[in-house]
Amino acid sequence: MTLFTDFGLAQPILKALAAEGYEKPTPIQAQTIPYAMEGRDVCGIAQTGTGKTAAFALPILHRLSQNPKPRQRKSARVLVLSPTRELSGQIADSFKAYGRNLKLTTTVVFGGVTISRQEKELANGVDVLVATPGRLLDLVDRKSLTLRDIEILVLDEADQMLDLGFIHALKRIVTLLPKERQSLFFSATMPKTISTLADSFLRDPAHVAVTPVATTAERVEQSVIFVPTNRKQVLLETLLRDPSIDRVLVFTRTKHGADKVVRGLDKAGIVGAAIHGNKSQPQRERALSGFRDGSCRVLVATDIAARGIDVEGVTHVINYDLPNVPESYVHRIGRTARAGATGLAISFCNDEEKAYLKDIEKLTRLKVPVMPLPEGLPAAPAPSEHRGEPQRGRPAPHSRGHQGHGQPRNADPNAEKGPKRRRRGGKPGGGQPQGGHPSANQQRHSQGQKPAQGQRPQQGSRPAQAKSAPSRPEGRRGDGAQVAWLEKSPRRR
Ligand code: AMP
């Protein structure tokens, strides 16, 4: 078995890892760290939740610490490109945590906040710069930053970068980097478009891969509830009366939908917050910190906003809307299965979404068990009092019109574009994957990979994620809706 001490990492880094409570490397770390320590380029297939941030951060910190250099003005030694501001912030936090015993500086820059503070932070140079592509180029264009001293480049979540329309920014960035450098490239999937991009960044890379996307699903206890759109809100409120739902991420397909759900919860006296691309940075930070510190137990998010957010102890994921891209389902439910933990995912499925469910089951090769509607679930609100959801028979709130408005210019990472809608020839669940991206299933076949138990991230001695199921009251809400059935299937450990 590989241990962190086997890699030859500098003592201050090992000390920081001990402080983090990491006992042993996850599979992506075990595979990546030796190559990266040698200075080799790496091309990795790994999704968030596998421990890939440490897989690149640890060898980078080690290499910087072994070769100290004075900082150059408006310059950095390491550049980490990441698609969203949340992910960028988390990557920077990880560098700071693992590098806490080293005298290295880490700065993060992303769009949506004033640039002048970032310019000031860069003025004297930094060791590690984590950036979203659009803001990075803005800084370069304003001559507040030069990339000529970059020794190590990381491109993280490449598939999401392309989904967000960063391809041109990335192509330009690569021309600004020194040819002599180490590059580490990570993506959750590796269709042709991404591997072509990887080729333009990498030189003779070592290839590493863990946890094909579909296998994450096996770690999560899943269920689906068939429910008309106009009863979803009341169903959600009913489920949330169960006190075992400790920290829950609720996914909606649109920003508008997320806000509507939060407004509904508010009316029902349940504290919730929404996080999506139309929220300002302070609003996002407030929502996230409330969710982290437990003052807000329900975070309602869209896919793009949630991907990469690392919050420990998410006990439940609720898919208020099923995603039409099956990989998104796996990413979503993976939020409750971080670094090897298990979780519980409940999906609401209306008639239009049944085809999406089929696609999901095909991808994960798992049949999602059906749960009945809780007994005594209140009827749908009458049209006059309804909360804005389309009534039965009307289209679900996922028409194009709801999404994609308010996109910032320059493909700002706050944009909620996400994967483009698949064309489904009239039925919601059919059609081809968009953009020529093979599904994770196709990819798994093409790579000859089989989801294997052994590939899963190990669980370190991190704080237990989910609370053990308490012997709790029946979970009845005042109006008699019974929610105790939620406990039917015991949590896997
Ligand atoms: P990432 O895939 O980088 O987003 O990491 C997912 C989570 O796993 C983060 O909360 C990390 O702090 C945690 N983590 C990373 N490496 C380890 C490890 N070796 N042992 C335990 N937890 C880890």
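Just follow the structure's listing: the first ligand is 1, and inside any ligand the first atom is 1.
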In sequence, state the C-alpha distance, the side-chain angles, and the governing distance for K15 and N101, and then conclude on side-chain hydrogen bond (donor to acceptor under 3.5 Å, both in side chains). CA-CA 8 Å; K15 227 171 105 189; N101 303 316; 4.7 Å; no
Please tell me if the side chains of [X] and [Y] come closer than 4.5 Å, counting only heavy atoms from C-beta onward.
X: H62; Y: M37; result: yes
X: V298; Y: V300; result: yes
X: L322; Y: F348; result: no

Compute the centroid of each ring, for Y320 and then for F251, and state whether the two points are separated by less than 6.0 Å. no
The one among P27, A55, G51 that brings a heavy atom closest to atom 1 (P) of ligand 1: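 It is G51 that holds the nearest heavy atom.
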Just which atoms of ligand 1 are under 4.0 Å from any heavy atom in K24? 18 (C), 19 (N), 20 (N)
Can you list the ligand 1 atoms lying under 4.0 Å from a non-hydrogen atom of F4? 19 (N)
Mind checking whether T53 has an N or O less than 3.5 Å away from an N or O of ligand 1? yes
Does at least one non-hydrogen atom of Q90 fall below 4.0 angstrom from an atom of ligand 1?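 Judged by the 4.0 Å heavy-atom criterion, Q90 does not count as contacting ligand 1.
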